[in-house]
Amino acid sequence: MEQKRIAIIGCGNLGTALLRGLLDGQKYEPKNITATKRNVSALATFEEAGVNVTSNNAAAIAASDIVLVALKPHHILEELQHLQSSFREGKHVLVSLATGVSIAQLEAAIGIDIPVFRAMPNTAADVNQSLTCICSSSNDEAIYQQVEGLFTDIGKIQRIEEKLMEAATVLGACGIAFVLRFIRAMVQGGIQIGFDAKTASFIVNQTVNGASQLLLQNNSHPEQEIDKVTTPKGCTIEGLNEMEHNGFSSALIKGIVSSFEKIEK
């Protein structure tokens with residue numbers, strides 16, 4: 001089967017992470033991937049690897065079958081309207097990575113009948129550990145699997161209803177920053193109790209990775225694993241209770257809800 005040609009329109013942080021993940025996955029030859037950015041010099045390393053690099057979005061679309069659009073939400077609809085004539089029915093599939101822009105809005109912007117998807121990966125695509133939530137108005141399972149195939153190369157996928165895409169953005173994409181802020185705080189605490197920064201970072205990073213794997217591999221609830229660590233009058237429950245007294249869980253939940261409400265406005 002002939003390999004699909006991929007275009008990534010707008011290689012900022014997320015688009016670049018996705019591009020790097022696709023190259024690492026090695027399912028798509030670099031010659032079949034086109035990446036766009038106004039400042040193409042920022043993509044020089046990818047060009048050296050064989051990726052087609054251009055600042056011309058229309059040319060990138062014309063040379064592709066699946067178009068991944070990684071533009072900012074406030075730019076995407078206007079840009080797609082400008083690019084209407086570049087899309088072809090029966091040829092193209094459009095995948096938007098923009099937060100808060102609906103499938104109906106995307107379809108109206110391009111003005112032709114092609115399969116339209118929304119996908120929300122996160123920047124862990126850079127190390128092939130993304131979580132990507134996907135939805136579409138298309139019922140074509142073959143096309144769905146083609147699109148999912150792009151993201152299985154960079155991590156795990158989850159099909160969801162479109163009404164949950166904004167929630168998925170907060171939990172899966174913004175969530176990267178939330179977890180990293182938690183990790184940073186743990187490292188700072190580790191330094192205060194005696195470790196140098198490098199050693200504290202290593203211990204914390206591996207501990208967080210181990211905690212995640214416990215839940216994923218054991219398919220268990222966090223409280224089950226917490227119970228295994230906490231002992232009566234022990235230092236773990238002392239620390240946990242002090243965090244809760246200072247609003248740890250409440251602050252995190254409020255932050256998640258606040259991010260979601262920002263998207264909904």
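Excluded from the calculations below are hydrogen atoms, water molecules and symmetry mates; all remaining heavy atoms, backbone and side chain alike, are included.
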Regarding [X] and [Y], does a basic nitrogen lie under 4.0 Å from an acidic carboxylate oxygen?
X	Y	answer
E166	R118	yes
R5	D65	yes
K27	E148	no

From CD1 (I66) to CZ (F117), nearest 0.5 Å: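 Rounded to the nearest 0.5 Å, the CD1-CZ separation comes to 8.5 Å.
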Atom pair CD (E107) and OG (S137), whose distance is rounded to the nearest 0.5 Å: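 Here the interatomic distance stands at 4.0 Å.
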All pairs passing ring pair (Phe, Tyr, Trp, His ring centres under 6.0 Å) where residues 82-101 contributes a residue, at least two apart: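 Matches after skipping sequence neighbours: F87-H92.
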Is [Y] close to [X] at the side-chain level, that is, under 4.5 Å between some pair of heavy atoms?
X	Y	answer
S136	Y144	yes
T236	T231	no
F182	V208	yes
V51	L43	no
L94	P115	no
V95	V116	no
F260	L171	no
L77	V101	yes

Does [X] reach the main-chain N or O of [Y] with its side chain, forming a donor-acceptor pair under 3.5 Å?
X	Y	answer
T169	M165	yes
K228	E223	no
N205	S201	yes
T207	I203	yes
N122	G172	yes
K156	L131	no
N32	K4	no
T16	N13	no
N246	E242	yes
T36	G10	yes

Polar contact flag, side-chain donor to acceptor under 3.5 angstrom, [X]-[Y]:
X	Y	answer
E162	S102	no
D140	S138	no
Q158	T132	no

Would the number of heavy atoms belonging to other residues, nucleotides or ligands and lying under 6.0 Å from [atom1] of [X] be above 12?
X	atom1	answer
R159	CZ	yes
E78	CD	no
N219	CG	no
E89	CD	yes

Show me the side-chain donor-acceptor pairs of residues 67-75 shorter than 3.5 Å, one per line, residues at least two apart or across chains.
none

Anything under 3.5 Å between a donor and an acceptor, one on a side chain of residues 185-198, the other on a protein residue two or more places apart or in another chain? List them.
unit_1 : atom_1 : unit_2 : atom_2 : d
D196   : OD1    : K198   : N      : 3.1
D196   : OD1    : T199   : N      : 2.9
D196   : OD1    : T199   : OG1    : 3.2
D196   : OD2    : T199   : OG1    : 2.9

